[in-house]
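Labels below follow one simple rule: chain letters A, B, ... track the order of the sequence lines, proteins then strands, and each chain is numbered from 1. What you see below is based on every heavy atom in this structure, not just the backbone, and it leaves out hydrogens, waters and symmetry mates.
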Amino acid sequence: MTAPPREVVDWEHVQAPVGVPLVDLLDRVLATGVVISGDLVIAIADVPLIRLSLHALLASVSERVPAPWADGGPL
Amino acid sequence: MTGTRVDIDPQQAGRDLAALVLTVVELLRQLMERQALRRLDLGDLDDGQEEAIGTTLMMLDRRMDELCAQHGLRREDLNLDLGPLGTLLPDGA
């Protein structure tokens, strides 16, 4: 039994998720939690000048991701 | 090189800069508001904390109105249209 042919996504006319503001998407990303790790080098004329090395965890505080300080902390 | 003179009205430039800064602030405010709502649903906060979060968010919202009025902006002006990505903030805000 062959699977039904999936229609090809027409990337030319893909619409944005209708009616979902970016802030809601960000909120959901935070709720699930995301890790951003990577290296960034800013260079001029192939001369590397600035290096940014990231290992960032961005997540809502929950029992799974506890806040490092008991109280509200410095910020 | 013919230097075409671009006369930017300083008033407008100032207001646009203020709008950009307030847009970032509004984005963070709404993010925190949604996160606070999630925590309230979680229910692991005591009444004092819930009360404090509620009043703080309310005052923050009022402060945004004052800041927008101060710079001659409407709250809707803070929203950005990101083209195919839709808008940055919900239309109502």
Side-chain angles (χ1 to χ4, degrees), chain A residues 5-47 49-75, chain B residues 19-65 67-68 73-93:
Chain A
R6 286 182 305 197
E7 21 62 44
V8 178
V9 175
D10 170 11
W11 286 108
E12 287 310 312
H13 307 294
V14 167
Q15 283 297 323
V18 176
V20 178
L22 201 60
V23 63
D24 288 328
L25 298 184
L26 280 178
D27 175 49
R28 293 177 69 87
V29 166
L30 279 178
T32 351
V34 64
V35 169
I36 305 166
S37 71
D39 278 288
L40 180 73
V41 171
I42 304 176
I44 293 182
D46 288 344
V47 174
L49 296 175
I50 300 174
R51 178 183 170 204
L52 176 69
S53 170
L54 269 179
H55 298 283
L57 163 70
L58 199 56
S60 311
V61 173
S62 60
E63 68 286 344
R64 192 164 51 92
V65 179
W69 305 288
D71 60 357
L75 199 51
Chain B
L20 180 62
V21 170
L22 288 179
T23 295
V24 172
V25 171
E26 178 65 9
L27 174 68
L28 291 176
R29 188 192 68 76
Q30 289 200 21
L31 262 182
M32 297 305 282
E33 195 176 70
R34 283 165 171 73
Q35 288 300 316
L37 286 178
R38 281 179 190 271
R39 277 301 286 280
L40 296 183
D41 298 346
L42 221 57
D44 64 349
L45 300 175
D46 58 40
D47 293 345
Q49 286 172 322
E50 284 181 10
E51 174 67 26
I53 285 183
T55 41
T56 309
L57 285 173
M58 233 173 21
M59 278 158 44
L60 213 50
D61 189 63
R62 214 170 295 150
R63 187 76 183 107
M64 280 307 289
D65 287 333
L67 283 173
C68 283
L73 293 164
R74 294 181 328 227
R75 289 292 289 267
E76 299 78 31
D77 297 344
L78 302 186
N79 202 345
L80 293 181
D81 177 17
L82 306 174
L85 287 179
T87 60
L88 179 66
L89 303 171
D91 296 340

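Neither the backbone nor the side chain of B:L80 comes within contact range of chain A, judged by heavy atoms closer than 4.5 Å. Interface residue B:R38: only side-chain heavy atoms are found under 4.5 Å from chain A.
The CG atom of A:D27 lies 10.5 Å from the CD atom of B:E33; values are rounded to the nearest 0.5 Å.
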request  = Please test A:L26 against B:R34 for side chain to side chain contact (heavy atoms under 4.5 Å, CB included), starting from the C-alpha separation and ending with a verdict.
outcome  = CA-CA 10 Å; A:L26 280 178; B:R34 283 165 171 73; over 6 Å; no
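A:V23 and B:P90 get closest at one heavy-atom pair: CG1-CD, 3.6 Å. Of all heavy-atom pairs spanning A:A31 and B:Q35, the tightest one is N-NE2, 4.2 Å.
The 12-atom threshold is exceeded at CE of B:M64, counting heavy atoms of other residues, nucleotides or ligands nearer than 6.0 Å. Residue A:L57 places its CG atom among more than 12 non-hydrogen atoms of other residues, nucleotides or ligands, all under 6.0 Å distant.
Residue with the most contacts toward chain A among B:L42, B:L88, B:T87: B:L88 (heavy-atom pairs, distance under 4.5 Å).
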